Amino acid sequence: MFEVLPQLAPDPILGLSAAYREDTNSAKIDLGVGVYKDEQGNTPIMTSVAKAQQILLERETTKTYITPQGHQGYIDGMLELLLGKNSKVLMADRVAAVQAPGGCGALRILSELLARCGDNMKVWVSDPTWANHIPLIGSAGLTIETYPYFDKKSEGINFDAMMDTLKQTGKGDIVLLHGCCHNPTGADLTNAQWDEVLKLAQEKGFLPFIDVAYLGFGDGLEEDAYGIRLLAENLPEVIIAASCSKNFGLYRERTGLAAIITETSATKKIAQGQIQSVARGIYSMPPSWGGALVDIILADNSLKTEWMSEVNEMRNRMQSLRTMLVEKLAENGANRDFSFLNTQKGMFSFLCISPEQVREVRSKHSVYFVDSSRVNIAGINQQNVDALAKALVSVL
Ligand code: LMR
């Protein structure tokens with residue numbers, strides 16, 4: 001039966017990890033898949049998470065199913081993190097939410113829910129966007145359109161072009177926005193630009209679909225929530241897909257959240273039932289472990305403080321790696337100024353070099369990153385930065 005199916009090309013991001021593993025060059029450098037790495041190149045279990053695991057081992061007394069929506073403590077803790085302590089929409093009981101299997105699971109079930117809302121639903125995504133957005137959202141049957149976002153020539157956001165395109169949207173359209181730390185470019189909207197997006201959403205009536213996978217990696221946990229909170233508090237409806245993969249380091253535990261802010265609390269009840277039925281039709285209920293850990297951390301003041309300082313540490317380290325790379329590129333005679341990397345945020349940056357240059361640096365120097373020129377900043381360290389800068393300069 002399956003011979004009728006075509007052989008697929010490797011995944012543009014996950015396929016890089018396989019190629020990296022197979023490379024026998026001992027000086028190889030992995031700046032591919034977006035996982036945080038420490039100075040030794042390890043992706044550690046965060047200390048707050050390790051402590052929560054000990055607590056959970058003692059506390060967990062059964063492996064029976066968890067409820068269809070997931071751990072309520074996890075959902076409440078995450079919503080407070082995203083929407084703020086004094087969120088009006090939370091107080092008005094206007095937020096339906098479920099624990100989801102990772103950010104991907106959240107994106108997919110929200111897309112399936114949107115597909116239930118009408119025929120020919122259209123989602124506008126940034127150009128470029130995370131490589132998996134299009135298959136995840138498109139496979140739910142939604143039509144994808146793009147809006148201009150990043151301009152490689154000016155090495156920044158083309159906000160005017162983005163807004164001009166979004167002016168063509170209307171009620172019933174959905175606009176996917178990255179809450180912070182845009183993947184793949186690292187170029188984020190300023191608060192003033194978020195204000196403009198809010199005005200346009202109010203005028204045109206489009207539905208913002210916010211994907212937030214890197215809260216705390218940009219400017220800080222509170223600062224990074226600016227756009228999410230602004231839209232959530234000032235629009236009748238917003239949907240949010242959140243991930244705990246990066247800021248809790250729970251990659252393999254598949255821990256995400258799908259939230260739907262509705263106009264009224266009566267609609268919230270409908271949305272809650274619908275999203276649970278979408279999940280039931282795909283995977284029934286989420287895995288327990290990751291959500292239970294986040295619940296323990298967010299409910300315990302001292303663990304939460306420890307987690308927040310670990311997030312701050314990761315953010316500060318990535319910022320210093322950016323500075324180090326920019327300096328090393330200049331020291332090694334780069335014929336271009338790469339200081340734009342210092343203004344970008346989070347785990348990723350676009351180097352703004354061509355796919356041919358990316359492939360050349362991969363084949364000649366075993367430096368692995370996505371063809372779009374997206375690099376995982378966290379893969380840089382004191383040991384590899386010199387070789388990395390030299391390799392990049394050699395292909396400029
Ligand atoms: C990435 O963008 O590299 C990560 O979010 C991992 C993935 O699933 O693509």
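Nothing here was measured: the structure is a model prediction, and the numbers come from that model. In each ligand, atom 1 is the first atom listed, and ligand 1 is the first ligand listed. FYI, side chains are in, hydrogens and waters are out, and symmetry mates aren't considered; it's all heavy atoms of this structure.
The ring of Phe348 has its center no closer than 6.0 angstrom to the ring center of His182.
A cation-pi contact links Lys152 to Phe350, judged by a cut-off of 6.0 Å to the six-membered ring centre and 45° from its axis. Both tests hold for Lys28 against Tyr20: distance to the six-membered ring centre under 6.0 Å, angle to the ring axis within 45°.
Listed by chain and number, residues touching ligand 1 at under 4.0 Å (heavy atoms only) are Ile13, Val33, Gly34, Trp130, Asn183, Tyr214, Lys246, Phe348, Arg374.
Put simply, the side chain of Tyr74 reaches to within 4.5 Å of the side chain of Cys244, judged on heavy atoms. Under the 4.5 Å side-chain criterion, counting only non-hydrogen atoms from C-beta, Lys304 is in contact with Met308.
Cluster membership for Val95 and Ile270, using ILVMFWY side-chain heavy atoms within less than 4.5 angstrom, is not shared.
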